[in-house]
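All of these numbers come straight from a predicted model, not from anything done at the bench. Indexing begins at 1, ligand by ligand and atom by atom, following the structure's order.
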Amino acid sequence: MNNQLPPAHDWKLWIYTNYDCNLRCSYCVARSTPETPRRAIGLENVQRLVDEAVALGFSDLFLTGGEPTILDEIYAMIAYATPRIRTTLLTNAMLLHGKRMERLVECASPNLTIQVSLDGACAEDHDAYRGVGTWTKTVVGIEALLERGFHVRLSTTETPANTDHLTDICTFHERLGIPESDHFVRPMAQRGFAESGIEVNMLSLAPELTVDVDGIFWHPLSTDKDMQVSKCIFPLSSAVEQVKQNLDTIARTGKAPLMTFT
Ligand code: SF4
C-alpha cells in the first residue's frame, strides 16, 4: 500500500470523546460497553485540538467513541467545531430522540455530518454483532435524523453475517434517500473485542491522527499501545512530526518503529 501522509488539506483528526457505550458489539475495536470506563477527553481539550488542527490545515474532524451522544458536552463540542472545521459525529443513533435530538438539532450546521453504523438491511444481519433489537432502534434514529435535515452517512462493517447481503443495504439506504456516495463498507478489524478480521497496524494503515485522553495514535481503528505515536496531546504539531518520522522509518526499514511510553 501507499503508506504516506496525505497533503495537509486532506488530514483527518479523530477524537475519542469517551469510551463508554450503550452497546457492547462483539467486534468493537474500542472495547466499549456500558461498563467501560468513560475516559472522557473533555470539552477544553477538544476546543484546543480543534484550534490546533485548523491552524495546521487539517480538513476534517471526527468525533468518535464509545458512543459520543452519551456525553452531555458533545453538543458544545460540535457547536465549537462546526464553524471551524468540517465535522463528523460517529454514532449508533440509538439514543438520538427526545432531549438529545433537540440539542443536536440546535447544533445543526452545513459543516456537520452524522455517521451512523448500519450493518444490514434487516435485523438479522445487523444484530448478529451489535446485539438483539439494535437494528430497529438504529433505523428509527436514521429516519429521525433525515427528517430533521441532517446530512447522514452510513458506515457498514462487513462481517460473516452480512457479507452475502451487502447490496441489500444499498437498496435499503437508497430507499431512505441516502446516496451511495454516503455509504461505505469496511472490513472487520482484528482489534479490541474482534476475534477475527483483517490485521491492522502502522504498516497496513495510512496515518489518520487519533487522539484520546492517553495521547495520540496512528489510526482510529486502534488505540492499542503499538499504535501510539505520542503520550502528549499537545502540541498537535509534535505528533504530526512524529508520524512523519515513523513514515520515514517504515520507508527505510520496512518495519514500524518500536515506540515505548511509560
Ligand atoms: S462498535 Fe460502536 S456502537 Fe458498538 S460497542 Fe463499539 S463504540 Fe459502541
Side-chain angles (χ1 to χ4, degrees), residues 12 14-41 46 61-74 77-78 87-97 100-101 104 113-120 122-145 150 152-163 166 169 173 183-198 200 205 208 210-214 217 219-224 227:
K12 294 174 174 135
W14 292 76
I15 300 178
Y16 272 82
T17 56
N18 59 301
Y19 276 89
D20 50 336
C21 185
N22 52 318
L23 298 187
R24 52 177 84 248
C25 305
S26 57
Y27 60 30
C28 183
V29 294
R31 300 179 177 86
S32 292
T33 68
E35 295 82 32
T36 299
R38 175 155 292 180
R39 295 168 62 215
I41 197 160
V46 169
L61 173 73
F62 295 83
L63 299 171
T64 189
E67 173 53 45
T69 65
I70 282 177
L71 295 179
D72 194 48
E73 283 184 322
I74 194 67
M77 290 172 185
I78 294 168
T87 302
T88 298
L89 173 72
L90 279 77
T91 177
N92 56 45
M94 290 173 59
L95 302 175
L96 289 175
H97 47 79
R100 284 193 177 95
M101 181 60 96
L104 190 63
T113 295
I114 312 294
Q115 183 172 311
V116 183
S117 308
L118 183 75
D119 291 349
C122 63
E124 204 183 347
D125 290 356
H126 178 92
D127 292 1
Y129 285 76
R130 303 180 70 83
V132 175
T134 57
W135 181 82
T136 304
K137 289 181 182 161
T138 289
V139 171
V140 168
I142 292 169
E143 288 171 341
L145 286 163
F150 285 102
V152 176
R153 186 188 298 137
L154 299 180
S155 155
T156 297
T157 300
E158 184 174 358
T159 69
N162 67 14
T163 190
L166 293 175
I169 306 179
H173 71 66
H183 175 223
F184 68 90
V185 181
R186 73 160 176 85
M188 207 160 68
Q190 194 172 11
R191 287 276 179 167
F193 289 153
E195 287 173 0
S196 59
I198 58 163
V200 293
L205 295 168
E208 294 185 19
T210 301
V211 187
D212 78 4
V213 71
D214 293 326
F217 299 79
H219 194 278
L221 275 179
S222 177
T223 52
D224 290 344
M227 297 290 268

Which segment of C21 sits under 4.0 Å of ligand 1 when only heavy atoms are counted: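 For C21, only side-chain atoms sit under 4.0 Å from ligand 1.
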
Mode of E67 contact toward ligand 1 - side chain, backbone, both, neither (heavy atoms, under 4.0 Å):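 Looking at E67 and ligand 1, no heavy atom falls under 4.0 Å.
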
For [X], atoms of ligand 1 separated by under 4.0 Å from a heavy atom:
X: N92; value: 3 (S)
X: R130; value: 3 (S)
X: G66; value: 7 (S)

Side-chain heavy atoms of L71 within contact of R38, under 4.5 Å: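 They are in contact (side-chain heavy atoms under 4.5 Å apart), so the answer is yes.
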
pair I74-N18: side-chain heavy atoms closer than 4.5 Å: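 They are not in contact (no side-chain heavy atoms under 4.5 Å apart), so the answer is no.
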
Interatomic spacing from OG1 in T87 to CD1 in I78 - rounded to 0.5 Å: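 So the OG1 of T87 and the CD1 of I78 are separated by 8.0 Å.
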
Verdict with reasoning, D127 to T134, per side-chain hydrogen bond (donor to acceptor under 3.5 Å, both in side chains): CA-CA 6 Å; D127 292 1; T134 57; 2.9 Å; yes

Identified side-chain hydrogen bond (donor to acceptor under 3.5 Å, both in side chains) counterpart of D119 within the set W135, Y129, Y27: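 Looking at W135, Y129, Y27, the match for D119 under the side-chain hydrogen bond (donor to acceptor under 3.5 Å, both in side chains) is Y27.
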
Any N, O or S atom of C28 closer than 2.8 Å to atom 4 (Fe) of ligand 1: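 So C28 does not count as coordinating atom 4 (Fe) of ligand 1.
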
Protein heavy atom at shortest distance from atom 5 (S) of ligand 1: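 Going atom by atom, the protein heavy atom closest to atom 5 (S) of ligand 1 ends up being C25 N, 3.4 Å.
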
Expected output: side-chain T64 to main-chain Y16 donor-acceptor under 3.5 Å: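 No: the side chain of T64 does not pair with the backbone of Y16.
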
